[in-house]
Amino acid sequence: MTTTEAAGAELRDLLISRIRDVQDYPQPGVVFKDITPLLADPVAFSALVDALAELCRKHAATKVVGLEARGFILAAPAAARAHLGFVPVRKAGKLPGPTLAQGYDLEYGSAEIEVHADAFGPGDRVIIIDDVLATGGTAEAALDLIRRTGASVVGVSVLLELGFLAGRERLAPQLKGAPLDALLTL
């Protein structure tokens, strides 16, 4: 094992040890992955932010998008650490001023996300950060929304990918060659 592989394994072990399973939340049969213990641990949270900031630099991003709401918690400090701007992508009706919107389907209905119409400039290279990739619906809508502004998407990065929900497969065509980085995959 190389030093880089050992460091990666150490980071994965630290992160996974701070994620708590909550049975039957938000409904019976669901095992919710609670990241609040990770956020409360300054060593684990700092290591996570460092890893995400490194992905921002690796992909030469100029802006970092965080998806509402837990994506904000991860993306904003990663953007600051990488010396990049942060752009929130919010649920419809939460941003003041002119916005662009993108609708998408959920397993139980539909939703809409928005971004400020002037959030990106010509040539912006955007990385999307979120906490969990599940079915991929929100990330897919964010990819479409950001590209509609004229910016390019240089990657999607998540703390945790729930591989059994096939979000990666759903996103593959929409990524258009941009990488999908998951620090942990279950």
Side-chain angles (χ1 to χ4, degrees), residues 1-22 31-90 115 119-120 124-140 142-143 146 151-172 174-186:
M1 182 180 289
T2 68
T3 304
T4 303
E5 290 170 335
E10 187 177 314
L11 174 64
R12 284 188 297 277
D13 290 347
L14 173 63
L15 298 178
I16 199 72
S17 73
R18 301 303 190 276
I19 298 173
R20 173 177 44 204
D21 285 349
V22 179
V31 179
F32 183 80
K33 299 298 183 184
D34 180 13
I35 67 167
T36 57
L38 188 157
L39 300 174
D41 180 322
V43 172
F45 188 39
S46 185
L48 170 58
V49 170
D50 284 344
L52 292 171
E54 181 54 36
L55 289 169
C56 294
R57 288 187 287 271
K58 174 182 173 184
H59 299 309
T62 61
K63 296 264 177 81
V64 179
V65 158
L67 302 180
E68 188 163 332
R70 290 181 304 224
F72 298 170
I73 298 167
L74 306 182
R81 189 135 325 148
H83 304 286
L84 301 172
F86 167 74
V87 177
V89 169
R90 306 241 18 218
V115 68
F120 306 107
D124 267 331
R125 297 171 48 84
V126 179
I127 188 166
I128 299 168
I129 294 179
D130 204 3
D131 64 327
V132 176
L133 175 65
T135 62
T138 307
E140 180 180 43
L143 285 163
I146 293 162
S152 62
V153 177
V154 296
V156 175
S157 298
V158 297
L159 164 60
L160 178 63
E161 177 183 353
L162 302 177
F164 59 93
L165 293 176
R168 181 177 292 268
E169 290 76 16
R170 177 181 180 168
L171 285 182
Q174 281 72 26
L175 287 168
K176 299 181 181 176
L180 170 57
D181 296 299
L183 299 177
L184 303 170
T185 303
L186 300 179

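For clarity, every value in this text was computed on a predicted model and none was experimentally measured.
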Give the minimum heavy-atom separation between [X] and [Y], together with the two atoms involved.
{"X": "R18", "Y": "A44", "value": "CG-CB, 3.8 Å"}
{"X": "A82", "Y": "A53", "value": "CB-O, 3.9 Å"}
{"X": "V89", "Y": "F72", "value": "O-CE2, 3.6 Å"}
{"X": "L133", "Y": "G167", "value": "CD2-C, 4.1 Å"}

Side chain to side chain, [X] and [Y], heavy atoms closer than 4.5 Å:
{"X": "V87", "Y": "I146", "result": "no"}
{"X": "L52", "Y": "L183", "result": "yes"}
{"X": "L14", "Y": "L48", "result": "no"}
{"X": "K58", "Y": "L55", "result": "yes"}
{"X": "L84", "Y": "R57", "result": "no"}

Note to self: So, using salt bridge (Lys or Arg N to Asp or Glu O under 4.0 Å) as the criterion, who are the partners of D181 when residues are at least two apart?
What the structure shows: none
Give every donor-acceptor pair under 3.5 Å between a side-chain atom in residues 153-161 and any protein atom, sequence neighbours left out.
unit_1 : atom_1 : unit_2 : atom_2 : d
E161   : OE1    : R168   : NE     : 3.2
E161   : OE1    : R168   : NH2    : 2.7
E161   : OE2    : R168   : NE     : 3.1

Next item on the list: Look up atom OG1 in T36 and atom CG in D41, then write down how far apart they are to the nearest 0.5 Å.
Entry: 11.5 Å
Item checked: Rounded distance (nearest 0.5 Å) linking atom CD of E140 with atom OG1 of T135 -> 9.0 Å
Next item on the list: Not counting sequence neighbours, which residues clear side-chain hydrogen bond (donor to acceptor under 3.5 Å, both in side chains) with R90? List them please.
Entry: E68
Item checked: Pairwise salt bridge (Lys or Arg N to Asp or Glu O under 4.0 Å) hits with a residue in residues 71-84, at least two apart -> D50-R81
Check: With sequence neighbours left out, which residue pairs that include part of residues 125-138 fulfil the salt bridge (Lys or Arg N to Asp or Glu O under 4.0 Å) condition?
Finding: R70-D131
Next item on the list: Decide side chain to side chain contact (heavy atoms under 4.5 Å, CB included) for I35 and L15; before the verdict, give the C-alpha distance in whole Å, the side-chain angles of both, and the deciding distance to 0.1 Å.
Entry: CA-CA 9 Å; I35 67 167; L15 298 178; over 6 Å; no
Notebook entry, point to check: According to the ring pair (Phe, Tyr, Trp, His ring centres under 6.0 Å) rule, which pairs have a member within residues 32-68, sequence neighbours left out?
Noted result: Y25-F32
Next item on the list: Keeping the roles fixed (side chain from K33, backbone from V132), state whether a donor-acceptor pair exists under 3.5 Å.
Entry: no
Check: Sub-3.5 Å donor-acceptor pair from the side chain of D124 to the main-chain atoms of V126, do we have one?
Finding: no
